[in-house]
Amino acid sequence: MDFIIEKLNDMQKEAVLTGDGPVLILAGAGSGKTRVLTSRVAYLVMEKSVNPSSILAITFTNKAAREINNRVGKMMGGGMWFPWIGTFHSMCLKMLRMYPESLGYRKGFAIYDTDDQKVLIKDCLSELDLDSKLLPPKMIINVISRSKDELIDEVDFSNKNSSDYRMSLVAKVYNVYQKHLVEYNAMDFGDLIFNAVKMLRENDNIRNYFQNAFKHILIDEYQDTNTAQYELAHILSEKHKNIFVVGDDDQSIYGWRGANINNILDFEEDYPGCMVIRLEQNYRSTKNILSAANEVIKNNDDRKGKTLWSDRSRGSKVNYYKATTDSMEAYFVANKILKGMEKGRDYADYAVFYRVNAQSRSIEQALRDKDIPYRVFGGISFYQRKEIKDVLAYLKLLLNVNDNIQLKRVINEPKRGIGKTTLHKMEEYAIDTGSSMYEVAKDADIYPGLHKAAVKLSGFVAMIEKLLTAAIEKSVSDLYDDVIQMTDILKQYELENTINSRSRIENIRELKSAIITKAEDYYESFGEELTLETFLESVTLSTDADNETEGTFVSIMTLHSAKGLEFPVVFMTGMEEGIFPSVQSLGEGRLEEERRLCYVGITRAMDEVYIINTMQRTLYGRTQTYPESQFLREISPNLINYINGSGPSVRKTKTYNRESFGGLRITKGGKPISIAGFTAEAGEAADVKIGQRVRHKKFGDGTVTNTEGSGSDKMIEVAFDMAGKKRLMASFAKLKILD
DNA sequence: ACGCTTCCAGTTTTT
DNA sequence: CTGGAAGCGT
């Protein structure tokens, strides 16, 4: 154990060795958070003789969970099994699977993803005769999900929203939606946490059992927990009070998804007498990069406050490049990467970040053009693809034939001549008889409205029945073969024979490899054959973020997906007001979260950062101009290396012809006539920063766009509103600083 | 019931 | 620009 402790700095040691009771670790970016967490787990087991099965460690991704498991295993020489390391969702699922009846569920309940939710919501809308134009399913899903995050059930929601007509309708949908979920024996993602809390609250025995079972609770990324997760942790830790949370309020970027930053901000009040330890030494970035990140984040009010420092060298300045178009931006990135490769860099050293997935297109194009291998992270994951979801829906249906949502997805996929009229009738009969659509399909010939479709329906039923037998007898991968073969799902794509359809076939084939790999892993870990249930569960709870970032390729991803990763060289693209920060966040006053996102981006970099914006961007088929991001101006110019000091904006500066502009009177020709009460001393504005508005006697008002050099040689570049761009000697220019 | 056309919306997304 | 959904004609 000593060899583990030796490697830690004082603060990390304190964190790892701290005694029982609540502990809050405020761990800055790159401060060795995972090392602390894993060391703590190893310490508890090896020094404090804590049983691994009484440790509950919660992470936000499966990847992080795996990493902790592996690292702890390695530290302890392997062979130790931690049954309770996982994500909030997987841990809750594990608890719920033990006592599903306590909530009126049956064994083997299904998990609904967003797609399933959407279908079910639409069903609920039509059942209630509500217009999906007035109440878009997406919005309803959002409202319901946020409510579950806040532990507001359908009854509470209805009571709270009785005055708002629209919301009272949503309340109705929420109610019917929950009813159907139980009926279909299914839970959505939000239910997993919500129901776990409910189960613990309402059942003394179950609560006591888990409170006793978990002697130590450790939570990673605590800043991104929502209210339900907070409550879960609170209940579980009530008895032993050993709650050890690690997080960084400055990296809370999932507020829009229900994360409650107050969980971390108020930890000290919620857990009186808790220990607070700050990890402020950053082992990742150079001093310059860190300073830039610190300068940005210090503009936030809603934070605990901490300043990261680094032992590393100053390093190079933060590079700033102003491109003309998004395509130029992308080629700048590509060329920089090629140059770096000549100097001995590896493709894997590079990451390109952007605010929205749609921005990846131009980046991808430039990289492809320059033959640079890359990989896009996030976006539509493999398991979200339509063709994969179709195959999975068949498998899910085999787990529960009464799951109408899956049945509706596959019954006419591929086309079997079963259309919506038939489906509508089946649905009605199912409601009338209180059975499922599959039961109705089985007895299609006894229902008057289904005579015509009866033959087709019985064909479908016969196929499913055969597959049901196969599901009992065969392994998941053999069952997959049967599904593909009997449903003939590939045929339509083969006939289509387009690039698109061929890639769909490839994906479906790829699914088999995924099944085989999972089955092998499972056998290795548990010595048992992978069950269909376990397979589907792991698929719904896994995401793209679990993918490996190692390899010889450039990683390109959204800033959100970048959290937790690090790269020697980072490109922050699209640093434009309206893109990043996004218009939506500006409109909703959610600037601080955007700024945290910027902080996350910069702190991913080890050696070099390139911040890029462009004057013209084509997004969603619309070309627009955006001003540079305010975050850029928050970094002081002495930390920035301006790659192209004067962009083409010089030539583009227009001569305004307005009567009055910025307190300046001008004539038709654009020449100022007089400036009332103007006085300025030479050198008064020697320390101006980029973005600063200044006034010049001759040129009028303008914005500082660049500064170069220092001391008496310092040059300032100012884009004057009327007179265009001028370069001035800082120590001589008579400039007045404006507010 | 199906396939073709038109229309529309379009952040971020660890589960 | 692009994918998905709704609408319409066969």
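Convention: sequence-line order gives letters A, B, ...; per-chain numbering from 1.
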Enquirer: Determine whether any donor atom in the side chain of Arg257(A) lies under 3.5 Å from an acceptor atom in the base of dT11(B), or the reverse, and answer yes or no.
Expert: no
Enquirer: What is the nucleic acid contact for Phe88(A), judged by heavy atoms within less than 4.0 Å: base, sugar-phosphate only, or nothing?
Expert: nothing
Enquirer: Taking the side chain of Lys122(A) as its heavy atoms from C-beta onward, which of dT13(B), dT11(B), dA6(C) lies nearest to it?
Expert: dA6(C)
Enquirer: Base, sugar-phosphate, or nothing: which does Gly419(A) touch, judged by heavy atoms less than 4.0 Å apart?
Expert: sugar-phosphate
Enquirer: How many Å lie between OH on Tyr599(A) and P on dT12(B), as a whole number?
Expert: 24 Å
Enquirer: With a 4.0 Å cut-off on heavy atoms, is Ser582(A) in touch with a base, just the backbone sugar-phosphate, or nothing at all?
Expert: base
Enquirer: Hey, does the side chain of Asn357(A) come within less than 4.0 Å of dT13(B)'s phosphate (OP1/OP2), counting only N and O?
Expert: yes
Enquirer: Both Lys420(A) and Gly621(A) contact DNA chain C. Which one's nearest nucleotide lies toward the 5' end?
Expert: Gly621(A)
Enquirer: Between dG3(B), dT14(B), dT11(B), spot the one nearest the side chain of Arg355(A), thanks.
Expert: dT11(B)
Enquirer: Is the aromatic ring of Trp256(A) within stacking range of dT12(B), meaning centres under 5.5 angstrom and planes under 30 degrees?
Expert: yes
Enquirer: Go nucleotide by nucleotide along DNA chain B from the 5' end; which of His89(A) and Arg622(A) gets its closest nucleotide reached first?
Expert: Arg622(A)
Enquirer: Kindly point out which of dC2(B), dT13(B), dT11(B) is positioned nearest to the side chain of Ser561(A)?
Expert: dT13(B)
Enquirer: Nearest whole angstrom, please: distance from the C1' of dG10(B) to the CZ of Arg361(A).
Expert: 12 Å
Enquirer: Whole angstrom is fine here: how far is it from CD1 in Ile141(A) over to C1' in dT11(B)?
Expert: 17 Å
Enquirer: Just say parallel, tilted or perpendicular for the rings of Tyr184(A) and Tyr112(A), cut-offs at 30° and 60°.
Expert: tilted
Enquirer: Would you indicate, yes or no, if dT13(B) has its OP1 or OP2 atom less than 4.0 angstrom from a side-chain nitrogen or oxygen of Thr114(A)?
Expert: no
Enquirer: Report the residue (Glu593(A) or Ala453(A)) whose heavy-atom-nearest nucleotide on DNA chain B is the more 5′ of the two.
Expert: Ala453(A)
Enquirer: Return the value, rounded to whole Å, for the distance between atom CD of Gln359(A) and atom C1' of dC1(C).
Expert: 15 Å
Enquirer: Select base, sugar-phosphate, or nothing to describe what Lys563(A) touches, counting heavy atoms under 4.0 Å on all strands.
Expert: base
Enquirer: Report the distance from atom CZ of Arg416(A) to atom P of dC2(B), rounded to the nearest whole Å.
Expert: 11 Å
Enquirer: Cation-pi between Arg97(A) and Phe109(A): NZ/CZ under 6.0 Å from ring centre and within 45° of the ring axis?
Expert: yes
Enquirer: Which part of the nucleic acid does Asp224(A) contact within heavy-atom distance under 4.0 Å: base, sugar-phosphate only, or nothing?
Expert: base
Enquirer: Please lay out, stage by stage, how Gln406(A) and Leu399(A) fare under the test side chain to side chain contact (heavy atoms under 4.5 Å, CB included).
Expert: CA-CA 10 Å; Gln406(A) 313 305 330; Leu399(A) 219 50; over 6 Å; no
Enquirer: I'd like to check Met572(A) versus Arg355(A) (side-chain heavy atoms, cut-off strictly below 4.5 Å). Are they in contact?
Expert: no
Enquirer: Looking at Glu67(A) and Arg71(A), is any side-chain nitrogen of the basic one under 4.0 Å from a carboxylate oxygen of the acidic one?
Expert: yes
Enquirer: Rounded to whole angstroms, how far apart are CE on Met557(A) and P on dT14(B)?
Expert: 12 Å
Enquirer: Taking CG from Asp115(A) and P from dT13(B), how many angstroms apart are they, rounded to a whole number?
Expert: 16 Å
Enquirer: Base, sugar-phosphate alone, or nothing: which one does Thr422(A) contact when heavy atoms must sit under 4.0 Å apart?
Expert: sugar-phosphate
Enquirer: Using whole Å, report how far CG of Leu559(A) lies from P of dT11(B).
Expert: 16 Å
Enquirer: Taking the minimum atom-to-atom distance to the side chain of Thr421(A), which one of dT11(B), dC2(B), dA1(B) wins?
Expert: dA1(B)
Enquirer: Is Thr59(A) near enough to dT14(B) that one of its side-chain N or O atoms lies under 4.0 angstrom from OP1 or OP2?
Expert: no
Enquirer: Which one, dT13(B), dT11(B), dA5(C), comes nearest to the side chain of Lys118(A)?
Expert: dA5(C)
Enquirer: Respond yes when some side-chain nitrogen or oxygen of Tyr620(A) is under 4.0 Å from OP1 or OP2 of dT11(B), and no when none is.
Expert: yes
Enquirer: Looking at every strand, decide which applies to Glu221(A) at a 4.0 Å heavy-atom threshold: base, sugar-phosphate, or nothing.
Expert: nothing
Enquirer: Which part of the nucleic acid, if any, lies within contact of Arg590(A), taking any heavy atom under 4.0 Å across all strands shown: a base, the sugar-phosphate backbone alone, or nothing?
Expert: base
Enquirer: Is any side-chain heavy atom of Val41(A) less than 4.5 Å from a side-chain heavy atom of Leu37(A)?
Expert: no
Enquirer: Out of the candidates Asp390(A), Asp403(A), Asp123(A), Asp116(A), only one should pair with Lys408(A) under the salt bridge (charged side-chain N to carboxylate O under 4.0 Å, His left out) rule; please name it.
Expert: Asp123(A)
